[in-house]
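Numbers here are sequence positions counted from 1.
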Amino acid sequence: MKDNNSPLTKLMQDAQLSRRGFITSASAVGITSALGFSPFSAFAAEPKKGGVLKLGMSGGNTSDTLDPTLFSDWVPLNQAYMLMNGLVEIDENNKATPELFSAWEAKPGAAEWVFTVREGVTFHNGKKLDADDILYSINLHRGDKSKSAIKTQLAPISSLTKQGDNQILITLDSGNADLPYLLADYHLVVVPNGFTDWSHPVGTGGFIFDQYEPGVRSLFKRNPNYWKPDRAFVDAVEVLVINDPTARTNALISGQVHAINRVDFKTVDFLKRSPALNIVRSSGGQHFTFLMDCSVAPYNNNDVRMAIKHGIDRQKILDTVLRGYGSLGNDHPIPKTDRFFKHSLEQRVYDPDKSQFYLKKAGLTNLKIELSSSDAAFAGALDAAALFQGQAQKGGIQVNIKRQPADSYWDDVWMKAPFSMGYWGGRPTADQMFSTAYQSTAKWNDTHWKDQKFDALLLQARSLLDEGKRAEIYGELQSIVRDNGGAMIPLFGDYLDAASKKVGGIKPHPMFNFMGGRLAERVWLEA
């Protein structure tokens, strides 16, 4: 039932704009692009210390854990970066920069890498960081017993060798020119050697564990001995898990929280009219998916998959669901901002006649399918599903939408339902994105798609240092996924965050919402 007296309703009533009016206003405000900065951050004041930063976040569940091998959504990712540091950080220019690894060097062929462990860093329990802690933290994700989502990506590591207290040699089965980017994965946060108490993590991060109720709330207090002098300004960070987009927006408008992630595309135009709020828009690899399980009928037939891929009007959904805050997808996960994006690949368009053509190739006159959906998949997923339902019908595809509970969607539906919706936050390199979700052995291969040629080419491209040859192979991989894979990817969506103007230092970032998951240690409270 709608609450006509809610803060969101009042704000929307006060901000009825025409499309033309919005565009004019957006130009005046200066909505940010992928690598640009918004006006409010460009003239930010000097950082201030103190206060409790309150974040209202989507992407948390009661089954969440702070075990880094099991992170799967936004809330654990952000909490991890509050408590722990990574090995490598991806900066606002999508470049790999040092964190707990202070430097690195590849030997010829990129199969051997020497990494230097940062000195002068201590854990929350007073232990000094050394190479053994790094080795232990990486090895948590390796081995037969590991359940980590990045186990497959780390499989090419043949050995990790300690070379003194502050140096590590990583040897690979074959060369990987992007190894520092791989080691920037958010699962690879560092804990003390031998640590196992994931109910109360000890890290080197800007905040120290205080309270934690999975899927509900957490409170972490500032680390007074943080090794980064220009980070962690607030006294504490409180995270409230608010998966419902309307409730999350209302929490921001009413002042219950200072910032929210995953702003609903339907309300962003209205939120930006508030003089008390800022909208942060970042373009990157975030994309929205319709996932077909290639291991079960009818989706194990590529003609059926192609019929479905031609049955969606991408431009209509971009304009209607995302309000233009994104770009068209072409059924592969590599964004235009990636250096290996294949610009020559023809954009797939809505074509009901081709849907019927491919159904006939599959021996069908029509197709009846069930699509599991929830706005937990992404803000506006149910609206996108409804639009697709009407569009697909013209090509002989009848779609029944099964609305799924938001709180259990990622546990009970994703990778389990034959046809479902989802999203990916993207990765800093094409290799990492493909290795995470499309390689046959990947834990998060959420379409259960297997292609031997794809796997072989992926391995080949990874080991090359010649950028031209790599671009050629990654272009072919995009074509293979587009024309044979199980994911229909109609849209890339901008990351949209909203924050009170009391929050200083907030900026766009090409990796994930909330400044790549590191907002808590980067911002301060002005008042």
Side-chain angles (χ1 to χ4, degrees), residues 2 6-34 36 38 58 244-250 252-253 259-274 277-290 312-330 335-337 347 349-350 373-391 421-426 488-499 508-510 512-514:
K2 293 184 179 179
S6 71
L8 176 58
T9 301
K10 292 178 180 178
L11 178 62
M12 294 177 72
Q13 290 171 342
D14 291 340
Q16 296 298 323
L17 294 173
S18 67
R19 181 65 182 165
R20 182 175 180 180
F22 161 65
I23 293 172
T24 303
S25 178
S27 300
V29 174
I31 290 180
T32 60
S33 62
S38 51
S58 169
D244 180 78
T246 301
R248 193 164 61 254
T249 304
N250 282 335
L252 176 66
I253 296 170
I260 61 172
N261 69 337
R262 297 184 72 186
V263 173
D264 193 326
F265 293 97
K266 291 184 291 188
T267 60
V268 63
D269 289 358
F270 301 103
L271 282 177
K272 76 179 192 64
R273 297 289 291 172
S274 171
L277 301 177
N278 284 317
I279 300 295
V280 184
R281 177 184 180 183
S282 306
S283 298
Q286 178 175 234
H287 55 276
F288 305 128
T289 57
F290 289 69
I312 190 167
D313 188 336
R314 299 156 197 263
Q315 187 65 54
K316 181 68 173 178
I317 295 180
L318 173 62
D319 294 340
T320 304
V321 177
L322 301 192
R323 302 299 199 268
Y325 288 97
S327 60
L328 297 180
N330 203 18
K336 293 178 181 179
T337 53
Q347 173 65 52
V349 298
Y350 178 47
S373 182
S374 167
D375 279 342
F378 61 89
L382 286 168
D383 290 338
L387 287 170
F388 171 59
Q389 182 183 48
Q391 296 159 0
M421 300 178 73
Y423 78 92
W424 278 93
M488 179 169 69
I489 305 175
L491 303 171
F492 279 77
D494 294 336
Y495 299 112
L496 296 175
D497 300 321
H509 196 285
F512 310 143
N513 292 92
F514 275 6

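Summarising the geometry of P335 relative to G284, their closest heavy-atom pair is CB-O, 3.7 Å, with the distance given to 0.1 Å. L318 approaches G326 most closely through the heavy-atom pair CD1-C, 3.7 Å. When every heavy atom of L382 is checked against every heavy atom of D375, the shortest pair comes out as N-OD1, 3.0 Å. Closest of all the heavy-atom pairs between R273 and D269 is CG-O, 3.5 Å. Among all heavy-atom pairs drawn from N261 and R248, the shortest one is O-NE, 3.1 Å.
N330 meets the side chain to side chain donor-acceptor pair (under 3.5 Å) test with R482; sequence neighbours excluded. In this structure A377 satisfies the side-chain contact (heavy atoms from CB on, under 4.5 Å) test together with A381, Y409, M421, sequence neighbours excluded. Applying the side-chain contact (heavy atoms from CB on, under 4.5 Å) criterion to K336, with sequence neighbours excluded, gives F341. Residues passing the side chain to side chain donor-acceptor pair (under 3.5 Å) test with S58, sequence neighbours excluded: R262. Applying the ring pair (Phe, Tyr, Trp, His ring centres under 6.0 Å) criterion to Y350, with sequence neighbours excluded, gives no partner residue. Legend: residues meeting salt bridge (Lys or Arg N to Asp or Glu O under 4.0 Å) with D313, ordered by chain and number and at least two apart, are absent. For the ring pair (Phe, Tyr, Trp, His ring centres under 6.0 Å) test, no residue two or more places apart in sequence or in another chain qualifies with F265. Applying the side-chain contact (heavy atoms from CB on, under 4.5 Å) test to D244 and every residue at least two apart in sequence or in another chain returns T246, A247.
For the pair T289 (side chain) and G422 (backbone), a donor-acceptor distance under 3.5 Å is present. Under the 3.5 Å distance criterion, the side-chain polar atoms of R314 are matched with a main-chain donor or acceptor of I489. Looking at Q389, its side chain never comes within 3.5 Å of a backbone N or O of A384 through a donor-acceptor pair.
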Requested in this report: Step by step, work out the side-chain contact (heavy atoms from CB on, under 4.5 Å) result for L322 and F288.
Outcome: CA-CA 11 Å; L322 301 192; F288 305 128; 3.8 Å; yes
Requested in this report: Determine, step by step, whether L271 and I253 satisfy the side-chain contact (heavy atoms from CB on, under 4.5 Å) criterion, reporting the C-alpha distance in whole Å, the side-chain angles of both residues, the deciding distance to 0.1 Å, and the verdict.
Outcome: CA-CA 9 Å; L271 282 177; I253 296 170; 3.8 Å; yes
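Annotation: the span from T320 atom OG1 to L387 atom CG amounts to 5.5 Å, rounded to 0.5 Å.
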Return all side-chain donor-acceptor pairs below 3.5 angstrom for residues 491-498, not counting sequence neighbours, or 'none' if the list is empty.
residue	atom	partner	partner atom	Å
D494	OD1	S283	OG	2.8
D494	OD2	R281	NE	2.5
D494	OD2	R281	NH2	2.8
Y495	OH	Q286	N	3.4
Y495	OH	G425	O	2.2
Y495	OH	F512	N	3.3
D497	OD1	N513	ND2	2.8
D497	OD2	F514	N	2.8

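Contact annotation: the side chain of P490 approaches that of I312 to within less than 4.5 Å [non-hydrogen atoms, C-beta and beyond].
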